[in-house]
Amino acid sequence: SRVVSVLVEVVTPLSGYAGGPNNLVPSLEIGTVADPSRFMTEDQNDVESSGSYTTTPDFHYTGATELEIKCSLSHLNATGGQVKVTVTYV
């Protein structure tokens, strides 16, 4: 099997978060437990802006077990926002 594409749709940008003294911003990455950004790095999307972000990692995996996909959102205690993640595999 292989992961063909990853689509992140920021329906409503994240808002009301606390960036702290370092002016941190929310971030999202998608991958596996071993490689959290294998399919999409935080630089390949922007959860502060509405829009669609796509990657085509074409990652092949083998084995009898299913691949566990990890979506990691650092929301910094955001009070609003809606993000949809779609992973396409064959």
Side-chain angles (χ1 to χ4, degrees):
S1 297
R2 65 188 168 115
V3 174
V4 178
S5 67
V6 175
L7 168 64
V8 170
E9 297 172 86
V10 180
V11 180
T12 307
L14 268 63
S15 61
Y17 55 87
N22 296 325
N23 294 320
L24 299 174
V25 295
S27 63
L28 172 70
E29 60 185 10
I30 302 157
T32 64
V33 173
D35 187 352
S37 62
R38 175 176 281 283
F39 306 131
M40 180 178 279
T41 67
E42 63 183 57
D43 295 330
Q44 293 175 306
N45 64 74
D46 183 0
V47 293
E48 293 181 288
S49 300
S50 294
S52 297
Y53 307 90
T54 305
T55 60
T56 52
D58 199 32
F59 173 70
H60 297 260
Y61 65 95
T62 58
T65 61
E66 290 290 321
L67 178 67
E68 184 176 329
I69 296 173
K70 179 180 179 183
C71 180
S72 178
L73 174 63
S74 174
H75 55 76
L76 304 174
N77 296 317
T79 57
Q82 180 181 2
V83 178
K84 179 181 175 183
V85 176
T86 305
V87 177
T88 303
Y89 64 95
V90 293

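What you see is a predicted model; the values in this text were computed from it and never measured.
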Is [Y] close to [X] at the side-chain level, that is, under 4.5 Å between some pair of heavy atoms?
X	Y	answer
Leu28	Cys71	yes
Thr32	Leu67	yes
Ile69	Tyr89	no
Leu24	Leu76	yes
Val3	Asp58	no
Val83	Leu73	no

Connecting only ILVMFWY residues whose side-chain heavy atoms lie within less than 4.5 Å of each other, what is the rest of Leu7's hydrophobic cluster?
none
Which Ile, Leu, Val, Met, Phe, Trp or Tyr residues join Val11 in one cluster when any pair of side-chain heavy atoms under 4.5 Å counts as a link?
none
Considering only distance and modelled atom types, tabulate donor-acceptor pairs under 3.5 Å from the side chains of residues 46-53, sequence neighbours left out.
unit_1	atom_1	unit_2	atom_2	d
Asp46	OD1	Glu48	N	3.0
Asp46	OD2	Ser49	OG	3.0
Glu48	OE2	Tyr17	OH	2.1
Tyr53	OH	Asp46	O	3.4
Tyr53	OH	Ser49	O	3.4

Which pairs pass salt bridge (Lys or Arg N to Asp or Glu O under 4.0 Å) with one or both residues in residues 16-30, sequence neighbours excluded?
none
Are Tyr61 and Val87 co-members of a hydrophobic cluster defined by side-chain heavy atoms under 4.5 Å apart?
yes
Which residues pass the side-chain contact (heavy atoms from CB on, under 4.5 Å) test with [X], not counting sequence neighbours?
X	result
Thr56	Ser5
Val33	Glu68
Ser15	none
Asn23	none

Identify the residue among Thr55, Val85, Thr54 that makes a side chain to side chain contact (heavy atoms under 4.5 Å, CB included) with Val8.
Val85
Listed pairs under 3.5 Å, donor-acceptor, residues 36-43 side chains, sequence neighbours left out:
unit_1	atom_1	unit_2	atom_2	d
Thr41	OG1	Asp43	N	3.4
Thr41	OG1	Gln44	OE1	3.4

So which pairs with a foot in residues 74-86 pass side-chain hydrogen bond (donor to acceptor under 3.5 Å, both in side chains), sequence neighbours left out?
none
